Amino acid sequence: MSDCPFCEIVAGRAPGAIVYEDEQSAALMDIYPVYAGHTLVIPRVHYENLVSCPKDLAAHLFTVAGSLGPAIMEATGGTAFNVWTANGEDAGQRVFHLHLHVLPRFPDDKFGLRFPKGFPAVKDQDELEAIAARIRAAVQI
């Protein structure tokens with residue numbers, strides 16, 4: 001897709017600081033890093049999100065991310081790392097080409113998810129089971 005920045009990078013038509021490449025994926029430095037070493041793992045083929053991506057390719061992307069995490073920690077002095085993806089605008093997705101963030105973490109780095117007021121609060125087991133039943137009914141694997 002010519003309007004997709006990640007497609008442009010993997011096609012060689014736009015610059016990108018590539019960390020890793022194989023036939024299915026590429027990993028590149030995020031141009032808006034949270035911390036130095038913030039890396040994005042993307043499929044070479046355009047898929048909008050994790051839902052539209054074939055399962056074997058999604059598994060490969062997570063394998064690559066898991067292998068890059070320790071290397072990113074070593075290169076940056078990080079002590080841990082996160083892997084995450086946003087699927088849809090309400091989840092924070094801004095570039096609609098599937099990408100996994102691999103983010104090095106540091107002691108007291110102050111980055112993290114913001115939980116809603118009142119978290120954590122243990123839910124009633126009957127309520128959890130009711131939600132679980134609805135999810136089981138909707139699963140299509």
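Remember, it's a predicted structure, so these values are computed and weren't measured experimentally. Quick note: numbers below take in every heavy atom, side chains included, and nothing from hydrogens, waters or symmetry partners.
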Where [X] and [Y] come nearest, the two heavy atoms and their spacing:
X: His46; Y: His97; value: ND1-ND1, 3.1 Å
X: Pro104; Y: Ala36; value: CG-O, 3.3 Å
X: Ser25; Y: Val64; value: OG-CG2, 3.8 Å
X: Ala86; Y: Gly92; value: CB-C, 3.9 Å

Same hydrophobic cluster for [X] and [Y], using side-chain heavy-atom links shorter than 4.5 Å among ILVMFWY?
X: Phe115; Y: Val122; result: no
X: Val95; Y: Ile9; result: yes
X: Phe62; Y: Met73; result: yes
X: Met29; Y: Val102; result: yes

Legend entry - Crowding at CD, Glu74 (>12 non-hydrogen neighbours, <6.0 Å): no
Inset, instruction - Look at atom CG of Asp124 and say whether more than 12 heavy atoms of other residues, nucleotides or ligands are closer to it than 6.0 Å. - result: yes
Rounded to the nearest 0.5 Å, how far apart are [atom1] of [X] and [atom2] of [Y]?
X: Trp84; Y: Leu113; atom1: CH2; atom2: CG; result: 8.5 Å
X: His38; Y: Ile72; atom1: NE2; atom2: CD1; result: 9.0 Å
X: Leu128; Y: Lys123; atom1: CG; atom2: NZ; result: 8.0 Å
X: Ile31; Y: Leu40; atom1: CD1; atom2: CG; result: 9.0 Å
X: Leu100; Y: Thr85; atom1: CG; atom2: OG1; result: 5.5 Å
X: Tyr20; Y: Leu68; atom1: OH; atom2: CG; result: 8.0 Å

Legend entry - Heavy-atom donor-acceptor pair, Glu8 side chain to Pro15 backbone, under 3.5 Å: no
Legend entry - Side-chain donor or acceptor of Tyr47 paired with backbone N/O of Ala58 under 3.5 Å: no
Legend entry - Salt-bridge present (Arg136, Glu129; N to O < 4.0 Å): yes
Legend entry - Salt-bridge present (Arg44, Glu21; N to O < 4.0 Å): yes
Legend entry - Aromatic ring proximity Phe6/His99, centre distance under 6.0 Å: yes
